[in-house]
Protein chains: 2
Amino acid sequence: MRVSLKDVAAHAGVSVKTVSNVVNDYPYVTAGMRERVQRSIDELGYRPNLTARHLRKGRTGIIALALPELGNPYFAELAAAVIDAAAAHDYTVLLDHTGGRREQEILVSQGFRARVIDGLIMSPIELETQDLRDRTEDVPLVLLGERDYDLPYDHIAIDNVAAARTAVRHLIGLGRREVAFIGDRRGRSEPAQLRVRGWREELAAAGLPADDGLVAATDGWGHADGAAAMTRILEAGRRPDAVFAYNDLVAIGAMRVLHARGLRVPEDIAVVGFDDVVEGRFGAVTLTSVSPDKEAIGRLAVESVLARLGGQSPEPRRFWADHRLAERESTLGRGAGGV
Amino acid sequence: MRVSLKDVAAHAGVSVKTVSNVVNDYPYVTAGMRERVQRSIDELGYRPNLTARHLRKGRTGIIALALPELGNPYFAELAAAVIDAAAAHDYTVLLDHTGGRREQEILVSQGFRARVIDGLIMSPIELETQDLRDRTEDVPLVLLGERDYDLPYDHIAIDNVAAARTAVRHLIGLGRREVAFIGDRRGRSEPAQLRVRGWREELAAAGLPADDGLVAATDGWGHADGAAAMTRILEAGRRPDAVFAYNDLVAIGAMRVLHARGLRVPEDIAVVGFDDVVEGRFGAVTLTSVSPDKEAIGRLAVESVLARLGGQSPEPRRFWADHRLAERESTLGRGAGGV
DNA sequence: GACGGGCTGTATAACGTTGTAAACTCGTGC
DNA sequence: GCACGAGTTTACAACGTTATACAGCCCGTC
């Protein structure tokens with residue numbers, strides 16, 4: 001069995017609480033006593049049992065981060081940001097993946113990790129407002145990604161409509177007139193809808209028609225989905241001169257198809273992605289992408305969830321993280337580009 | 001405050017233990033009693049406190065997985081495999097990232113998560129044998145990735161030398177004679193050394209010289225490292241006809257440079273990567289790669305660590321997971337290829 | 001020289017759960 | 001009518017920790 005406070009106390013000939021005091025840097029311990037206890041601690045190799053400590057304290061020091069897809073580097077990079085932000089507050093992150101499936105998202109939001117976590121940060125894909133309304137769990141929850149949940153939860157997002165408009169404006173600025181959108185999900189995803197809306201608004205602002213034949217829906221948001229959607233557009237006889245993709249993976253999948261069919265990026269078709277993942281910086285054609293401030297998102301998420309730990313319920317807030325457009329070869333006009 | 005067994009017991013007018021028995025499906029509970037207690041549980045919305053349960057039971061139901069880099073899709077995909085395998089045993093995975101830094105790896109192996117996890121699966125990069133010998137923590141540890149630690153820990157790996165030989169043999173089979181290796185780390189990484197050894201052995205077996213000028217060291221194993229190393233080789237005036245990269249990211253970074261300099265893959269230079277990440281299947285030129293059986297690795301890792309949970313210490317074992325060569329365009333010979 | 005007050009250390013009781021063992025409730029057999 | 005045992009429920013202790021409250025001690029003060 002392992003060494004507990006009791007063992008150390010016996011070894012040093014003091015009370016359990018005194019050892020605890022030394023461990024916790026309680027001020028009223030004489031130097032001599034501190035040293036004597038410390039020696040026993042070192043000798044026996046004592047290390048505190050966090051489970052017990054947290055049972056007593058009511059906190060575990062762990063927050064969960066539920067993401068739809070670890071394989072998507074955007075989420076991996078976001079996870080790194082959250083982990084770092086949590087570490088700055090001495091918190092550890094328990095990573096979950098939901099696969100973006102509603103079933104699983106409900107389970108997680110209902111806290112099937114019951115009581116082992118202090119808070120939950122979740123990036124939902126299919127979760128519905130009603131699912132959250134039904135939530136009984138009292139562990140603080142913070143949502144990532146823009147959704148119009150009208151619910152008392154903090155929310156960290158970037159302005160998807162504005163970001164999409166930035167991307168489309170950039171394409172139009174290159175002289176493109178037929179801009180396709182790849183990665184809609186037929187109403188099952190709010191972020192996708194918002195990006196489509198931004199696409200539509202910006203086209204309208206430029207006096208261009210928003211052609212629904214150029215909006216391609218996908219099942220998921222991986223490389224293969226982008227490739228399939230691009231193929232579908234081309235085989236329908238359409239030949240847009242620009243593509244705005246839901247995310248970088250979709251964009252890269254689409255570019256793969258363009259390349260395979262001999263269409264040049266950006267000369268024939270310019271492409272803009274979303275997320276600014278590292279992968280987009282190393283293809284044969286580097287990818288222009290909307291770049292959300294992942295560090296800010298991670299930091300805000302951790303801070304929001306920790307702020308609610310005390311049990312206080314401040315007004316639910318919506319935080320907007322910044323984004324910018326990282327311009328690269330896939331939309332190269334007269335110059336610019338690079339990594 | 002939250003609902004505890006005590007509250008439910010009071011509400012139902014029974015003892016705490018009876019409620020516990022109902023919760024745990026203890027067989028000797030009458031149907032009537034079970035129903036009555038269950039009603040109270042539902043009414044009060046009771047949910048067990050895992051911290052307390054685990055303090056009592058000595059297990060937390062959590063295993064940690066320490067990986068060097070979440071941003072590398074190989075590790076993300078591996079993590080998914082581990083999470084799935086753990087879920088099959090009702091275990092949850094706590095994900096750590098060490099950044100591949102020795103300092104951090106030591107910390108993790110020494111269990112700074114002290115007592116909150118039942119076991120640890122770790123994929124070390126810089127960790128030394130001595131660091132593990134100094135390990136005092138008694139949480140079961142399983143190592144991923146091939147290292148020649150002569151230590152009593154289970155080990156899951158693929159045969160790196162054999163895998164590297166397969167890759168190089170494939171290149172030689174295409175008629176290539178000058179095969180570069182990109183991604184050595186000057187003795188600081190055992191897997192890299194083993195892959196270099198495989199490269200060397202296979203060249204020797206084919207009667208070809210192993211030219212050290214064609215072995216490029218890198219600082220890390222990301223896209224940028226591959227790009228930098230490839231640039232160095234070319235600027236040294238070398239022009240190999242094939243490249244075997246430490247992993248896919250390095251390979252993709254190298255291909256980016258080749259493309260930028262107008263060298264064609266595979267016509268001028270064939271490329272083989274390692275890990276078979278999804279990203280490699282969607283570049284302009286799809287990437288041939290050594291494909292480790294990630295599901296098997298995840299499953300074996302979880303099973304090994306759980307097997308040691310009881311405190312028994314069976315002989316440390318070394319498990320070999322399978323690998324195969326996934327052939328794609330970057331080594332296209334006379335036919336073949338595809339996704 | 002008794003008294004008050006700041007400094008140290010300790011005994012005890014929790015936190016919420018489950019294992020152990022004992023106690024209670026029946027129906028059955030003699 | 002009573003012992004017996006199988007079935008059911010309970011009291012208690014324990015997991016390892018920390019909060020609370022208190023008991024000494026030393027010191028300076030009146």
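Excluded from the calculations below are hydrogen atoms, water molecules and symmetry mates; all remaining heavy atoms, backbone and side chain alike, are included. Sequence lines set the chain letters: A, B, ... in the order given, protein chains first and strands last, and positions in each chain run from 1. As the structure is a computational prediction, the values presented were derived from the model and not from experiment.
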Across the strands shown, which category fits Asn21(A) at heavy-atom distances under 4.0 angstrom: base, sugar-phosphate, nothing? base

What's Ser20(B) touching, base or sugar-phosphate or nothing? Going by heavy atoms closer than 4.0 Å. base

Would you compute the distance between atom OG1 of Thr30(B) and atom CZ of Arg36(B) and round it to the nearest 0.5 angstrom? 8.5 Å

Tyr46(B) side chain reached by Val23(B) side chain, heavy atoms, under 4.5 Å: yes

Between the base of dA19(D) and the side chain of Arg56(A), is there a donor-acceptor distance below 3.5 Å? no

From the set dA11(C), dT17(C), dT18(D), return the single nucleotide nearest to any side-chain atom of Ser15(A). dA11(C)

Nearest whole angstrom, please: distance from the C1' of dC15(C) to the NE2 of His54(A). 13 Å

Name the closest nucleotide to the Thr30(B) side chain, picking from dT17(C), dG16(D), dT8(D). dT8(D)

DNA chain D: 5'-proximal contact among Arg34(B) and Leu55(B) (nearest heavy atom): Arg34(B)

Just to be sure I understand the rule, does Thr18(B) reach a base, reach only the sugar-phosphate, or reach nothing, if contact means heavy atoms closer than 4.0 Å? base

Can you find a donor-acceptor pair, distance only, under 3.5 Å between Lys17(B) side chain and dA11(D) base? no

Output the rounded distance in Å from CG (Leu5(B)) to C1' (dA11(D)). 15 Å

Which part of the nucleic acid, if any, lies within contact of Tyr26(A), taking any heavy atom under 4.0 Å across all strands shown: a base, the sugar-phosphate backbone alone, or nothing? nothing

With rounding to the nearest 0.5 angstrom, report the CG to CG distance, Leu95(B) to Leu65(A). 10.0 Å

What is the distance from CG of Leu44(B) to P of dG16(C), rounded to the nearest Å? 14 Å

To the nearest Å, give me how far apart CZ (Arg59(A)) and C1' (dT17(D)) are. 16 Å

Residue whose closest nucleotide on DNA chain C lies nearer the 5' end, Tyr28(A) versus Val16(A): Tyr28(A)

